Amino acid sequence: RMARIVNTTKSSRWDAFLEYRLASMLSYPMTHAANLSGNAVNMALDGAMVDFGEALANLAFKNKDAATLGELREFWRSFMPGLANSARIFGMSMKTELPIYEFELQAKGIDTGDYATKIDSLGRQAIPGKLGQVVRAPSLTLLTATDEFQKSLFAWMTGHALAFRKARKEGLSGDPLRLRIEEILADPLDEVHLDAFTKAKKLAFQGPSGPITRALMTLRSETNDRMPWGFPVASLAFPFVMTPVRIFEAAIGMAAAPFT
């Protein structure tokens, strides 16, 4: 499956030039620090902290469909096992230059939708061979692998929390509760896995592309196609489209949250 996705489109010299330019822009250590911290802050504020507030409110409302303090304990209890799994995914993503976490979910029969990274062209290895791997390793590949690490870790922990919620809704406690949580997590087609993945994907700024993103991507592509000799003027002017729009949408969503 990976082989069918990687290099399925013939790359031109302009593609190689654009890839080198992107790699140069993304190879600065502070870029990766900003990506790592941005994902972590968004997952903390719009993820864990929201659930914590919901759990505190739920002490009074007792809503079985809302977060609970027990659920949050389960969330953090799964951190260390999830860390080991995410480290494995990070290593495989660095080796293959692909979003391995999503590949693994697809292999289990979970429909994750379009593969997502912060790079506008997944699997487009325009610079071939070992040279391309060397160019991409500290930039494009590291960016994808870091996202896969954080996304898979948050989804792992969220999956455990949702499994706890589901088991508690069935009225279980003690050992039967633990067994039921393990049973839910062992079933790859249980909805908790897709729900956890969808939430983690959104918080890593990799949610579905909206109409604004699609329109901008189309405009950029059509502008490039109209240039003499295929000169990619729009890609040079706007190398990133999807991620900036998603970050903007996330900021608007967080700002509007108190009023909704």
Side-chain angles (χ1 to χ4, degrees), residues 1 39-40 42-59 61-90 92-93 98-117 146-208 246 250 253 257:
R1 188 178 183 90
N39 287 348
N42 198 38
M43 289 175 179
L45 294 181
D46 200 20
M49 291 303 294
V50 169
D51 289 342
F52 179 68
E54 185 177 292
L56 289 180
N58 206 24
L59 290 174
F61 294 105
K62 306 296 182 183
N63 183 356
K64 292 183 179 180
D65 292 319
T68 63
L69 293 179
E71 184 178 313
L72 294 184
R73 283 196 297 270
E74 192 69 27
F75 178 87
W76 290 108
R77 186 178 191 174
S78 65
F79 175 75
M80 290 307 295
L83 193 64
N85 179 63
S86 294
R88 176 188 63 81
I89 288 174
F90 175 85
M92 291 185 66
S93 294
L98 292 169
I100 289 298
Y101 174 54
E102 295 194 38
F103 276 73
E104 291 187 348
L105 292 181
Q106 288 276 16
K108 293 176 181 178
I110 301 173
D111 184 8
T112 61
D114 295 334
Y115 295 109
T117 71
T146 301
D147 281 346
E148 290 302 285
F149 174 85
Q150 291 182 285
K151 189 168 59 179
S152 61
L153 179 57
F154 189 84
W156 174 287
M157 297 167 71
T158 300
H160 280 72
L162 293 178
F164 178 92
R165 182 188 299 185
K166 184 174 182 178
R168 286 291 292 169
K169 284 178 66 176
E170 296 172 2
L172 300 175
S173 61
D175 290 341
L177 174 68
R178 301 305 320 167
L179 290 173
R180 178 61 178 141
I181 290 173
E182 292 176 8
E183 184 181 70
I184 292 170
L185 293 172
D187 180 5
L189 298 182
D190 193 286
E191 68 272 11
V192 301
H193 296 290
L194 181 57
D195 290 345
F197 164 77
T198 302
K199 185 174 184 179
K201 188 175 182 177
K202 178 181 177 235
L203 295 178
F205 304 108
Q206 295 180 353
R246 287 169 181 156

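These values consider heavy atoms only, across backbone and side chains, with no hydrogens, waters or symmetry-generated copies. Every value quoted in this text rests on a predicted model; they were computed, and no experiment measured them.
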Side chain proximity check, [X] to [Y], heavy atoms < 4.5 angstrom:
| X | Y | value |
| --- | --- | --- |
| Glu183 | Arg180 | yes |
| Gln206 | Glu102 | yes |
| Lys169 | Asp65 | yes |
| Phe103 | Leu98 | yes |
| Leu83 | Leu153 | yes |
| Tyr101 | Met92 | no |
| Arg88 | Asn85 | yes |

Checking the side chain of [X] only, and the main-chain atoms of [Y] only, is there a donor and an acceptor separated by less than 3.5 Å?
| X | Y | answer |
| --- | --- | --- |
| Glu71 | Arg165 | no |
| Glu54 | Ala66 | no |
| His193 | Leu189 | no |
| Asn58 | Thr68 | no |

Mind running side chain to side chain contact (heavy atoms under 4.5 Å, CB included) on His160 and Phe75 for me, showing each step along the way? CA-CA 6 Å; His160 280 72; Phe75 178 87; over 6 Å; no

How many angstroms lie between atom [atom1] of [X] and atom [atom2] of [Y], to the nearest 0.5 angstrom?
| X | Y | atom1 | atom2 | result |
| --- | --- | --- | --- | --- |
| Lys64 | Lys62 | NZ | NZ | 11.5 Å |
| Leu179 | Ile184 | CG | CD1 | 11.0 Å |
| Phe205 | Leu203 | CZ | CG | 8.0 Å |
| Leu162 | Leu185 | CG | CG | 9.5 Å |
| Asp51 | Leu72 | CG | CG | 6.0 Å |
| Thr112 | Gln106 | OG1 | CD | 3.5 Å |

Please evaluate residues Glu74 and Arg168 with respect to the criterion salt bridge (charged side-chain N to carboxylate O under 4.0 Å, His left out), reporting the C-alpha separation (whole Å), side-chain torsions for both, the decisive distance (0.1 Å), and the verdict. CA-CA 12 Å; Glu74 192 69 27; Arg168 286 291 292 169; over 6 Å; no

If you count heavy atoms of other groups shown closer than 6.0 angstrom to NZ of Lys199, is the number above 12?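 For Lys199, atom NZ is crowded (more than 12 foreign heavy atoms under 6.0 Å).
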
Would Phe197 and Ile110 count as a side chain to side chain contact (heavy atoms under 4.5 Å, CB included) here? Give the steps. CA-CA 10 Å; Phe197 164 77; Ile110 301 173; 5.9 Å; no

Between Phe149 and Phe90, what is the ring plane arrangement, given parallel below 30°, perpendicular above 60°, and tilted in between?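 Taking Phe90 first and then Phe149, their aromatic rings stand perpendicular (interplane angle over 60°).
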
Can you tell which of Pro99, Ser86, Ser93 makes a side-chain contact (heavy atoms from CB on, under 4.5 Å) with Ser152?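 The passing option is Ser86.
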
Between Lys166 and Asp195, is there a salt bridge with N-O shorter than 4.0 Å?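 No salt bridge links Asp195 with Lys166.
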
Apply side chain to side chain contact (heavy atoms under 4.5 Å, CB included) to residues Phe164 and Leu177 and explain how you reach the verdict. CA-CA 8 Å; Phe164 178 92; Leu177 174 68; 3.7 Å; yes

